Visitor: 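Dropping a structure here in structure tokens format, bear with me for questions.
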Amino acid sequence: MTQEQFWGPGSDQMAQLSQLGQQYGQMWTQALQGLQKGMPAMNAMGAPTGLFNGLAQPQAGGAPVSLDADKLRAIQEQYAKDAIALWTESAKGVVPVPKDRRFAGDAWQHNPMAALTAASYALNAKALMDMVDAVQGDEKTRARIRFGVEQWVAATAPSNFLALNAEAQQKAIDTKGQSIAQGIQNMLADMRQGHVSMTDESQFEVGRNVATSEGAVVFENELFQLIEYKALTTQVYERPMLFVPPCINKYYILDLQPENSLIRHSVENGHRTFVVSWRNPDESLGNKTWDDYIGDAVIKAIEVVKDISGQAQINALGFCVGGTMLVNGLAVLAARGDKSVASATLLTTLVDFSDTGVLDVFIDENFVKFRELTMGKGGLMAGQDLASTFSFLRPVDLVWNYVVGNYLKGETPPPFDLLYWNSDSTNLPGPYYAWYLRNFYLENKLVQPGALTVCGEPLDVSKINMPIYIYGSREDHIVPIGAAYASTQVLGGKKRFVMGASGHIAGVINPPAKKKRSHWLREDGKFPAGIDAWLQGADELPGSWWTDWMDWLAKSGGKKVPAPKTYGKARTAYKALEPAPGSYVKARA
């Protein structure tokens with residue numbers, strides 16, 4: 001078939017395509033109007049009551065959204081040209097398959113209909129994203145529209161459907177239907193466990209092949225267990241090291257395997273190391289507040305580590321939300337004139353919530369009020385809902401990739417410790433979560449002196465006066481690099497900032513032995529207003545930032561003393577209660 005036979009008289013081609021483009025634009029405008037009226041969005045499990053509720057609503061008082069007419073016309077014209085080119089090539093029997101790993105298999109390359117389907121999808125996806133760029137409205141509404149369209153584009157890829165996925169069809173033929181049967185079994189198993197499998201979870205067990213550093217639980221209360229790790233050196237620094245991980249995840253991201261364990265690295269470098277292992281809350285903890293977690297967990301852990309070590313000061317590290325919690329605890333101590341902490345390390349931590357990255361699309365007054373009404377006085381924020389939200393921040397890689405592999409192809413994903421940890425979700429107490437959303441994400445009160453009272457003390461983070469090591473990851477989509485750097489502008493004390501390559505997790509968990517990725521340092525001690533200005537005076541250094549951190553931390557460690565031979569402290573209540581990793585970390589949400 002020739003191009004003219006397909007389209008009809010040659011003079012009508014552009015008219016037909018122009019009409020198609022106009023219809024596409026009208027559909028898009030109607031979609032925008034629907035979004036503006038607050039159409040209910042689906043959460044990860046398809047329920048209209050999940051985390052995505054209210055996502056499409058415009059900012060209160062914001063201007064109505066619309067499409068720039070000139071940009072829309074240009075998009076229509078470009079779409080028509082690209083469609084003509086695609087159909088011309090298809091008429092010749094040659095369809096260029098998009099350069100996309102979803103369509104990289106031979107079955108896509110050698111099946112003309114599949115290749116045309118993939119190419120048509122890519123053309124339509126590009127047009128939709130171009131239309132997103134043409135949206136006129138307030139920035140938050142535009143970001144929400146972009147996020148929603150990205151979700152839709154990812155979900156409608158032909159690779160996600162057996163009827164359109166040439167690779168899955170070929171595998172079904174090659175296996176005589178066994179791949180489909182196995183895919184159904186995989187889907188039923190995932191429905192029972194409540195989440196899409198990202199790895200072969202049967203290959204992992206906490207305490208057996210993840211979270212294996214030797215140690216013991218030396219204290220516990222209803223919120224956390226405190227783990228002390230066995231010394232691996234004959235001498236240790238007199239000031240111990242306390243890790244405060246995020247309670248939104250389990251602590252063993254810091255102790256996945258011996259070769260990539262930041263906890264083990266700390267121990268190997270002569271630090272007497274402790275870690276907070278958060279309890280996975282059940283309904284009995286559904287009334288716990290932010291104050292409870294700061295006073296009865298963060299500050300309590302600091303006090304216990306001091307008691308066990310017999311030291312007046314310790315060093316402390318906070319990771320992600322754990323870093324925000326540590327800053328709160330340090331601000332409370334500063335208000336009390338308590339100098340229990342000699343130095344602090346903050347990894348991918350938000351203190352100034354002016355820029356919260358892609359998560360900002362979820363947060364507005366209506367969303368926060370909804371959370372306050374539903375769980376602000378009690379209840380739980382389900383861990384699986386939180387995990388699904390974070391997965392949908394990267395839907396192609398962390399959702400649809402596994403839908404296709406597990407269900408359409410009947411494959412078992414390979415063992416991967418990081419993805420096992422990622423699937424091991426944790427709940428949060430509703431009052432804690434709602435308070436956190438309003439006071440930090442929505443109203444950014446932590447950087448406003450005296451705006452917050454925690455544990456009975458007005459907070460002023462500028463009064464935190466100690467050496468502080470601040471780390472941010474360059475490609476972090478949860479704590480943007482500029483937001484991590486913003487802590488240098490509001491915290492007191494002498495600061496050191498380092499930027500690492502990669503994202504929120506991979507940038508942090510980057511052991512020196514791997515000799516991977518770079519980090520950036522600036523040695524003149526200057527902290528200009530923004531990250532871009534800081535980078536102008538920074539040097540790129542190969543490999544992990546861990547070595548620089550250890551050199552920095554040693555200066556706050558004090559003198560070397562003989563390593564303890566037992567856990568806890570003799571003749572006190574702080575004795576080994578159970579071997580690491582303890583029982584709290586093993587509780588499933």
Side-chain angles (χ1 to χ4, degrees), residues 38-57 144 147-148 150-151 154-155 187 189-199 201 245-250 253 278-290 293 320-322 324 356-364 366-395 397-400 402-403 419-438 440-442 477-478 504-505 587-589:
M39 290 170 57
M42 298 296 109
N43 73 2
M45 303 302 291
T49 57
L51 283 172
F52 295 105
N53 272 10
L55 179 63
Q57 296 177 10
R144 288 178 158 186
F147 182 84
E150 285 174 345
Q151 297 297 320
M187 182 173 64
D190 283 355
M191 290 173 67
R192 286 192 295 270
Q193 71 179 9
H195 64 267
V196 178
S197 295
M198 297 182 180
T199 185
E201 297 183 20
C247 56
I248 198 173
N249 297 112
K250 294 188 175 179
I253 185 60
W278 298 105
R279 182 176 172 187
N280 203 339
D282 56 20
E283 292 295 341
S284 69
L285 297 181
N287 63 341
K288 291 300 179 181
T289 65
W290 182 264
Y293 270 72
C320 188
V321 179
T324 306
T356 54
V358 68
L359 290 176
D360 184 63
V361 302
F362 299 107
I363 310 299
D364 63 11
N366 290 335
F367 177 86
V368 174
K369 278 186 176 178
F370 173 74
R371 288 303 175 198
E372 290 172 335
L373 288 171
T374 56
M375 62 181 62
K377 300 298 183 182
L380 292 178
M381 180 66 229
Q384 188 52 55
D385 283 351
L386 289 168
S388 296
T389 298
F390 283 105
S391 292
F392 272 93
L393 298 180
R394 295 171 54 197
D397 294 332
L398 296 181
V399 180
W400 299 109
Y402 298 103
V403 169
L419 292 178
Y420 174 79
W421 165 84
N422 190 62
S423 298
D424 193 2
S425 59
T426 58
N427 302 322
L428 287 176
Y432 165 102
Y433 174 64
W435 195 93
Y436 172 70
L437 287 178
R438 173 165 295 283
F440 298 146
Y441 267 92
L442 183 63
H477 60 293
I478 296 173
H504 190 70
I505 298 299
R588 306 285 290 193

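Only this structure's heavy atoms are used, side chains among them; waters, hydrogens and symmetry mates stay out. Being a predicted model, the structure only gives us computed values, none of them experimental.
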Visitor: In the structure I gave you, are the side-chain heavy atoms of Ser197 and Tyr402 within less than 4.5 Å of one another anywhere?
Guide: no
Visitor: Show your working on ring pair (Phe, Tyr, Trp, His ring centres under 6.0 Å) between Tyr441 and Phe362 and close with a plain yes or no.
Guide: CA-CA 10 Å; Tyr441 267 92; Phe362 299 107; 9.8 Å; no
Visitor: With sequence neighbours excluded, what pairs up with Asp190 under the salt bridge (Lys or Arg N to Asp or Glu O under 4.0 Å) test?
Guide: none
Visitor: Rounded at 0.5 Å granularity, tell me how far CG in Asn422 sits from CE in Met198.
Guide: 5.0 Å
Visitor: Would the distance check show the side chain of Thr426 and the main-chain N or O of Cys247 forming a donor-acceptor pair, the cut-off being under 3.5 Å?
Guide: yes
Visitor: Quick one, Phe390 and Asn249 - any side-chain contact, counting heavy atoms below 4.5 Å?
Guide: no
Visitor: Provide the closest heavy-atom pair for Glu372 versus Ala434 in the form atom of the first, atom of the second, distance.
Guide: CG-CB, 4.0 Å
Visitor: Would you name the heavy atoms of Trp421 and Ile505 that are closest together and state the gap between them?
Guide: CH2-CD1, 4.0 Å
Visitor: Got a second to check how far Gln151's CD is from Leu393's CG, nearest 0.5 Å?
Guide: 8.0 Å
Visitor: Using 0.5 Å steps for rounding, measure from the CZ atom of Arg192 to the CE atom of Met187.
Guide: 11.0 Å
Visitor: Does Arg588 have any salt bridge (Lys or Arg N to Asp or Glu O under 4.0 Å) partners at least two apart in sequence or in another chain, and if so, which?
Guide: Glu201, Asp424
Visitor: Between atom CG of Asp385 and atom OG of Ser425, what is the distance when rounded to the nearest 0.5 Å?
Guide: 9.0 Å
Visitor: Return the minimal non-hydrogen interatomic distance between Ala155 and Trp400, and the atom names on each side.
Guide: CB-CZ2, 3.5 Å
Visitor: Give me the atom names and distance for the closest heavy-atom approach of Gly378 to Pro431.
Guide: N-CG, 3.7 Å
Visitor: Are Met381 and Arg371 packed together at the side-chain level, in the sense that at least one heavy-atom pair is separated by less than 4.5 angstrom?
Guide: yes
Visitor: Would you say Cys320 and His504 make side-chain contact, with heavy atoms under 4.5 Å?
Guide: yes
Visitor: Check whether any side-chain N or O of Asn427 sits under 3.5 Å from a backbone N or O of Leu380 as a donor-acceptor pair, and report yes or no.
Guide: no
Visitor: Can you tell me how far apart CD1 (Ile248) and CG (Leu386) are? Round to the nearest 0.5 Å.
Guide: 5.0 Å
Visitor: Would you call Pro429 and Tyr293 a side-chain contact if the rule is heavy atoms closer than 4.5 Å?
Guide: yes
Visitor: Over all heavy atoms of both residues, which pair between His477 and Val358 is shortest? Give the atoms and the distance, please.
Guide: O-CG1, 3.5 Å
Visitor: Any non-hydrogen side-chain atom of Gln193 less than 4.5 Å from a side-chain atom of Ser423?
Guide: no
Visitor: Is the Phe440-Trp290 ring centre distance short of 6.0 angstrom?
Guide: yes
Visitor: May I ask you to test the Phe370-Asn366 pair for a side-chain heavy-atom distance under 4.5 Å?
Guide: no
Visitor: Can you check whether Leu437 reaches Leu442 side chain to side chain, under 4.5 Å on heavy atoms?
Guide: no
